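Accompanying notes for the structure given below.
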Amino acid sequence: MQYHRPASFAEASDLAAHATGITRFLAGGTDVLVQLRSEIVTPDTLIDIKAIDGVRDITRHADGSWTLGVAVTGAEMSEHPQLGREWPGVVEAMDLIGSTQIQGRATPVGNLCNGSPAADSVPAMVAAGASVTVTGPAGDRVVAVEDIPTGPGKTSLAQGELISALHIPARGANGGDAYLRFIPRTEMDIAVVGVGVSLRVDGDTITEARVSLGAVAPTVLLVEECARALIGTTLDDTALAALAAAASAACKPIDDKRGTIEFRTEVAGVLAKRAAKIAYARAKGETA
Amino acid sequence: MALDDRKSHFTFVGTRPNRPDGLDKVTGRARFGADVTAPGMLFGAILRSPHAHARIVRIDTSKAEAHRDVKAVVTRADFADVPFKPGLEGEFWNVLENVMAGEKALYDGHAVAAVAASSALAARDALKLIEVEYEVLPHVTDVDKAMAPDAPVIREGAADYSVPEGMHPNVVRYHESGHGDVEAGFAEADLVIEDHFVTEATHQGYIEPHACLASLGADGKGELWCCTQGHWIVQKTCAALLGIETAQLRVTASEIGGGFGGKTTVFIEPVALALSRKANRPVKIVMSRSEVLRATGPTASASMDVKIGMKKDGTITAAQGVFRLQGGAFPGAPGDMTAMCAFAPYNLTNVRQVGYDVMSNRPKQAAYRAPGAPMGAFAVESVIDELCKILGLDPIEVRLKNAAREGTKASYGPTYDRIGLVETLEAAKDHPHYSAPLKPGQGRGIACGFWFNHGGETSVSLALSEDGSAQLMVGTPDIGGSRASMALMAAEVLGIPYENIRVTIADTATLGYNDVSHGSRVTYASGLATIKAAQHAVEKLCERAAAKWGIPVDAVKWENGCAVPSGPNAGDFDPLPLAEITADMGRTGGPISGHFEATPEGAGVSFGTHIVDAEVDPETGKTSITRYTVIQDAGKAIHPAYVEGQFQGGAAQGIGWALNEEYIYGEDGRLQNPVFLDYRIPVASDLPMIDTVIVEVPNPGHPFGVRGVGETGIVPPLAAIANAVSNAAGVRMRQLPMSPPRILAALKGNG
Ligand SMILES: Cc1cc2nc3c(=O)[nH]c(=O)nc-3n(C[C@H](O)[C@H](O)[C@H](O)COP(=O)(O)OP(=O)(O)OC[C@H]3O[C@@H](n4cnc5c(N)ncnc54)[C@H](O)[C@@H]3O)c2cc1C
């Protein structure tokens with residue numbers, strides 16, 4: 001196994017482009033090293049991206065949008081004074097991952113690129129409208145988060161490509177987001193269903209909404225029908241019922257040891273309603 | 001002798017000092033199974049079958065043997081040579097077959113070969129060089145399917161004499177017992193309920209994976225360090241499997257990170273010894289968590305039918321149960337225990353119980369706290385709860401009305417001595433928990449449970465030091481704070497402070513035979529032996545005092561740590577403290593020690609009653625346990641904090657078993673969830689604070705009244721939680737675990 005510690009994304013990209021066999025980028029390593037130890041994936045090339053300048057920075061731009069370095073951890077996001085006030089759903093989703101020890105290492109970009117359909121931070125980022133900069137042999141491109149995963153363990157990144165930054169839009173006025181997941185226990189478990197909701201209100205009426213589902217399909221879903229069920233409503237019972245129905249209808253889950261098709265489909269609707277209520281209260285400036 | 005009197009007033013017993021192993025454990029100084037090394041040590045690793053059932057056509061180890069870091073490779077052939085004891089029989093053969101597959105791999109994870117190499121990584125890589133050709137056979141992992149006529153046969157001829165004609169060869173033991181006429185009893189009832197119940201296998205879930213360090217020479221002399229609940233059984237079994245003399249193998253038990261019954265047999269130890277013998281170097285093996293889950297013994301899974309008749313006033317007129325237990329690819333599932341314990345809490349005129357031991361393509365089941373009893377209690381206590389509900393009766397009153405007492409003929413045969421079930425039920429009725437209001441969405445359940453408890457072969461030795469301190473050697477590994485309890489009992493007899501007594505778990509070369517730390521026997525049997533050994537030393541102390549004073553020995557008695565004249569006629573001498581006698585012992589007759597070897601027979605049975613509140617989310621089926629109270633008869637709590645710990649541990653493991661833990665097998669017969677991510681043991685935040693009430697109805701069979709407490713605590717939880725969940729959800733849950741998908745399906749009426 002080859003271990004590299006490049007000083008720039010260009011160098012990292014070049015190393016990856018010329019590597020043979022299995023390549024992994026080492027961010028927090030909470031997936032990579034666990035998979036290595038349990039002999040699920042034994043990489044031939046390991047490219048540690050934590051020595052690249054700025055990868056731990058959390059930057060709020062003048063327009064209110066955010067850029068997060070690719071080694072920013074869950075703990076750093078939770079401890080940031082302003083990020084969690086503007087995007088509580090994104091921060092809470094990331095904070096659900098693992099334990100205190102894992103929080104000190106795990107990154108949202110690693111969570112995304114590991115490609116698990118159940119990744120917790122991903123539906124929250126999709127609902128928030130987040131995007132990433134992809135650096136590759138041909139230069140940089142910006143890609144929506146929902147366009148990165150292509151199936152369990154698979155991403156749209158080509159050989160030699162890696163993510164060099166995570167962008168979260170400006171929260172703006174009267175917005176709120178939330179993420180909820182279902183697990184059979186109270187912590188240290190993997191999502192059976194995850195739902196991220198972000199919306200904006202004008203008075204009591206929802207004017208913008210994005211709803212994203214995790215763990216109910218081979219990839220994270222951005223569900224237009226859910227957004228339509230919310231926009232123009234005051235989140236009354238009819239809107240909630242329509243939201244739940246749309247969420248359940250969008251599910252294409254599997255039966256496995258973690259949950260049945262029926263269960264995931266039903267609970268996706270339940271969590272969509274609950275997450276929407278929290279996001280709505282937050283958008284209206286209520287504490288929820 | 002005066003000291004033989006049963007005691008009811010205590011100085012040390014019943015206090016709560018810190019455990020002697022506490023500091024070592026919190027500072028990391030304690031040495032567990034994986035914490036030792038030896039010069040020249042090799043690392044062992046085991047190749048395991050990926051198939052649930054397969055004939056092993058050929059194993060080619062040549063490539064692994066050629067690897068430069070590999071020093072030995074073993075397969076079953078390395079165990080076949082048994083010069084001293086040819087033809088292993090019975091359980092020894094089963095254990096050998098389990099630790100290294102013979103002609104067939106019998107379950108996913110079954111060991112087929114092992115290597116020893118100079119590093120753990122090299123050993124792991126070398127496993128990939130071993131070529132095994134399998135002929136995959138049809139498999140079965142479900143108990144009902146394993147009994148069906150068309151089920152694949154795990155092994156012909158494994159059944160014993162008890163199995164009735166015409167049963168499938170996978171049914172290997174049969175138990176039937178009871179008394180009265182159940183049909184007549186059902187005819188007298190106002191309401192009869194019969195239901196079917198299912199439980200899945202669960203693992204003991206001890207935090208420490210199996211680990212050992214073995215050394216065995218060509219001269220047949222060996223040393224073994226391992227984490228085990230009983231090193232004499234390890235010694236005996238390993239010696240038999242390797243064909244060496246028992247006494248030539250010295251086994252030392254490490255500190256142990258949990259066992260719960262699962263470490264009462266061997267898995268890696270004979271393999272490490274065989275590798276060591278071949279490599280002529282010490283060999284260490286440490287299991288991974290997935291090896292623990294795939295290849296060590298979980299408990300049995302069960303399929304049960306229970307029928308109970310009740311009068312309108314709550315009197316049970318008849319009870320009947322059929323309990324089918326699947327225990328993996330070997331005989332041993334405790335169907336007999338399930339049957340015998342199921343109705344044991346009740347005074348029944350008409351009762352009949354049947355138990356089956358069934359083999360399937362799963363790992364060999366191992367004991368798990370009160371083996372077999374929790375499943376039966378789940379079925380029986382659920383039916384009683386349902387009867388109470390329909391008849392509008394209070395579940396505690398009904399249990400009190402039917403409770404077994406002193407003199408009751410037990411459902412499994414004998415007549416009870418003094419027992420404490422009624423006391424636990426009375427305590428439950430009076431507990432504030434039982435009358436506390438419930439919030440909407442919550443339900444309350446109660447259940448009773450029984451376990452036999454065990455005595456077993458026991459040796460203890462106690463030696464006094466010149467300065468008046470004492471060292472106590474016991475042979476039962478400390479799995480629940482027993483060193484503290486032993487020291488308290490010795491302190492009570494000797495009359496010296498708890499802190500002045502050091503308790504050691506002696507190795508097999510230092511002490512006579514000891515049964516395993518199982519059957520809730522340690523505080524009872526090793527405790528009794530400790531008391532007797534201390535009394536033996538006290539007799540000698542009294543002799544020395546008598547000689548010094550020039551009076552007969554029966555004119556001396558032992559009081560508060562001193563020899564004193566037994567009365568005014570014995571003479572007028574100042575009390576002679578223990579330390580003054582031991583200071584001179586070299587000159588007055590030599591070392592003073594006490595010992596005791598016997599098989600105590602008076603382990604009193606024990607009962608418990610649990611009260612549980614559960615809350616079910618009607619939209620997701622997720623359960624949280626909001627309040628839990630354990631009430632159990634301890635006979636006499638030697639160290640109450642560790643008794644409470646046993647109660648709470650039973651409840652915690654019961655919550656896992658009831659709600660989320662389960663062995664999940666795929667269509668291919670492979671275990672789907674051999675990691676803690678998907679084998680869902682409760683985490684700390686899943687548990688409420690667990691209240692405990694210690695009831696003390698002294699056991700007549702122990703000098704201080706002790707009854708075992710380690711196992712009874714896991715008998716009621718499955719039932720109590722199922723009753724609480726069923727009451728909260730408004731639908732009866734008859735299958736464990738009550739995972740959210742199952743509860744949601746039941747709520748929607750299609751479960
Ligand atoms: C005990 C435990 C509990 C966990 N609990 C949860 C949980 O509750 N929810 C959950 O969603 N996950 C959980 N995880 C999984 C894991 O912690 C998360 O997926 C985490 O976010 C991964 O981040 P990382 O930085 O550690 O990624 P790494 O392990 O470093 O990398 C993960 C993957 O991303 C790729 N990668 C990393 N950075 C880049 C980059 N810049 N460009 C391209 N590819 C990249 C790597 O090649 C690798 O394939 C848990 C893990 C453990 C060990």
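So that the names make sense, note that chain A is the first sequence line, chain B the second, and so on, each numbered from 1. This is a predicted model, so every value here is computed, not measured.
- With rounding to the nearest 0.5 Å, the separation of OG in B:Ser726 from CE in B:Met738 is 6.5 Å.
- Side chains of A:Thr186 and B:Asp686: a donor-acceptor N/O pair is present below 3.5 angstrom, by distance only.
- Looking at B:Lys284 and B:Asp35, no side-chain N of the basic residue comes within less than 4.0 Å of a carboxylate O on the acidic one, giving no salt bridge.
- Atom-to-atom distance recorded for B:Phe43:CZ and B:Ser118:OG is 9.0 Å, nearest 0.5 angstrom.
- Contacts between B:Thr620 and chain A at a heavy-atom distance below 4.5 Å involve backbone atoms as well as side-chain atoms.
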Quiz prompt | Worked verdict on B:Ser301 versus B:Glu200 for side chain to side chain donor-acceptor pair (under 3.5 Å) | solution = CA-CA 5 Å; B:Ser301 63; B:Glu200 215 358 294; 4.6 Å; no

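- A salt bridge is defined here as a Lys NZ or Arg NE, NH1 or NH2 lying under 4.0 Å from an Asp or Glu carboxylate O, and A:Arg210 with A:Glu224 fails to meet this definition.
- In this structure, chain B has a heavy atom under 4.5 Å from the side chain of A:Glu266, while its backbone stays farther away.
- Heavy-atom proximity under 4.5 angstrom to chain B picks out A:Val267, A:Val270, A:Lys273, A:Arg274 from residues 267-276 of chain A.
- A salt bridge does not link B:Glu615 to B:Lys439: none of the charged side-chain nitrogens sits closer than 4.0 Å to a carboxylate oxygen.
- Checked by atom type and distance alone, the side chain of A:Thr42 never pairs as donor or acceptor with a backbone atom of A:Glu39 at under 3.5 Å.
- Judged purely by distance below 3.5 Å, without hydrogens or angles, the side chains of B:Tyr679 and B:Glu661 pair a donor atom with an acceptor atom.
- Comparing B:Lys622, B:Glu662, B:Gln672 by heavy-atom pairs within less than 4.5 Å of chain A, the highest count is held by B:Lys622.
- Partner of B:Pro674 under the side-chain contact (heavy atoms from CB on, under 4.5 Å) criterion, out of B:Glu291, B:His203, B:Arg294: B:Arg294 alone.
- Using modelled atom types and a 3.5 Å distance limit, the side chains of A:Asp120 and A:Tyr179 yield a donor-acceptor pair.
- Ion pairing of B:Asp678 with A:Lys257 is present here, as a side-chain N (NZ or NE/NH1/NH2) and a carboxylate O approach within less than 4.0 Å.
- Contact annotation for residues 107-114 of chain A against chain B (heavy-atom separation below 4.5 Å): no residues qualify.
- Neither the backbone nor the side chain of B:Arg289 comes within contact range of chain A; no heavy atoms are under 4.5 Å apart.
- Only the side chain of B:Ile664 comes within contact range of chain A, with heavy atoms under 4.5 Å apart.
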